[in-house]
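Every heavy atom of this structure was used, including side-chain atoms; hydrogens, water molecules and symmetry mates were not. In listed order, ligands and their atoms are each counted from 1.
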Amino acid sequence: MPVRSKNVSALKAGYLFPEIARLRREFAAKNPDKKIISLGVGNTTEPLLPHTCEGLVEGAKKLGDAKTYSGYADEGFSELRGAISRVFYNDTFAADEIFISDGAKCDIGRLQLLFGSSVKPVVQDPSYPVYVDGSVLHGAAGRRISSCDGPDCDDTRYGGIEYLPCTPENNFFPDLSQIPYNSLIYFCSPNNPTGAVASKGQLAALVAAAKRTNSIIIFDAAYSEYIRDPSLPKTIFEISSAKTCAIEVNSFSKHAGFTGVRLGWTVVPKELLYSGGESVNADWSRVQSTIFNGASNIAQWGALAALDDAGRTEIKTLTDFYLGNAALIRKALQVLHITCYGGENSPYIWAHFPGRGSWDVFNEFLEKKHIVTTPGVGFGPEGESFIRFSAFGHRDDVIEACNRLVKV
Ligand SMILES: Cc1ncc(COP(=O)(O)O)c(C=O)c1O
């Protein structure tokens with residue numbers, strides 16, 4: 001039999017969200033009379049919006065008609081790539097700099113193929129788990145370091161990854177002087193899990209740090225449509241010099257409810273070159289056409305509807321709705337005098353419980369309030385003593401959860 005890949009065996013045994021789901025199932029089995037409300041995972045809950053849904057239905061009909069049928073769409077409909085450039089990037093990218101995919105997570109997982117196992121991954125700590133786990137799978141994470149033996153040891157780190165602490169003390173923006181040369185810097189804003197949003201000045205400093213260290217930034221803008229403060233940047237490319245040092249991933253999941261439809265995109269500027277002068281854009285095209293056969297045509301028609309005027313209006317209403325949930329959760333936590341961050345230009349609220357373990361707080365919320373949250377330590381060692389609340393939920397459930405929270 002073939003042996004197990006060293007990279008796969010180096011992963012922590014349980015991915016965070018299946019582990020939370022397991023604990024929830026266990027609690028539900030023991031307490032069948034209790035209604036559990038989930039404010040834990042970042043899965044959208046509201047139905048697809050009518051105009052966008054119409055686009056999907058029309059797309060399906062096109063596939064059922066010989067006159068409009070289409071097969072593989074390679075790197076995406078050029079019309080959709082153009083619409084993304086217009087709506088999100090002020091038309092500053094050509095269609096062939098935007099690659100349509102089946103979602104941001106899939107692209108994040110594949111992007112490291114471009115850089116091999118010798119690149120130095122740099123992550124914010126805490127961070128969305130796929131940056132670390134993807135690096136482990138690509139063999140770039142180095143030795144696993146844990147203070148205990150168990151496969152799920154909470155303080156697991158990898159010796160080859162540079163972790164940049166993002167804490168209340170530094171306003172959730174890391175010390176950029178810690179970035180090594182030739183790094184691949186994963187940066188997420190609005191941030192999952194902390195809800196922090198980097199300012200334009202901070203992104204300019206990040207770009208300058210990447211250039212100084214000959215590094216490339218993978219900027220995850222999956223929550224950009226939750227930004228309401230007009231002074232906050234929605235894309236790394238608001239810093240014009242980022243075109244020579246950054247790739248951006250984004251997705252229709254969190255603003256158009258496409259978590260189950262699946263559609264995202266990655267911007268790889270033509271100006272972005274490896275140290276040897278080769279084009280990263282050309283390589284990404286080669287990699288994608290080799291191991292990915294393009295996103296669903298139906299999803300792309302839906303996305304085109306989501307990007308026209310009627311679609312954009314619907315999306316604003318939907319993201320306003322989730323931000324309304326976030327405001328309710330923030331208010332309930334404030335009544336309890338729990339210090340919390342985020343939730344204003346982001347659907348995540350990062351609540352601090354100094355001196356306590358985050359799994360301990362998670363269990364307390366589950367057992368006493370029957371509310372599922374996400375333990376902060378699951379996002380990295382600096383997440384210990386925090387838990388994440390997600391604003392993705394039905395309004396009635398959010399209101400009931402908030403009432404349970406404030407009830408002594
Ligand atoms: C920061 C971040 N990026 C990407 C994703 C995944 O996006 P997609 O559904 O397009 O794969 C998530 C999902 O939770 C996320 O939190």
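- Counting only distance, with no hydrogens or angles, the side chain of R388 and the backbone of L39 share no donor-acceptor pair below 3.5 Å.
- Side-chain atoms of S390 and V41, non-hydrogen and from C-beta on, never get closer than 4.5 Å to each other.
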Exercise. Test side-chain contact (heavy atoms from CB on, under 4.5 Å) on T266 and I247 and set out the steps.
Key: CA-CA 7 Å; T266 289; I247 292 170; 3.6 Å; yes

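- Listed by chain and number, residues touching ligand 1 at under 4.0 Å (heavy atoms only) are G103, A104, K105, Y128, Y131, C188, N192, D220, A222, Y223, S251, S253, K254, R262.
- Applying the side-chain hydrogen bond (donor to acceptor under 3.5 Å, both in side chains) criterion to E367, with sequence neighbours excluded, gives no partner residue.
- Taking the ring centroids of W350 and F389, they lie at or beyond the 6.0 Å cut-off.
- Ring centers of Y128 and Y186: at least 6.0 Å apart, outside the cut-off.
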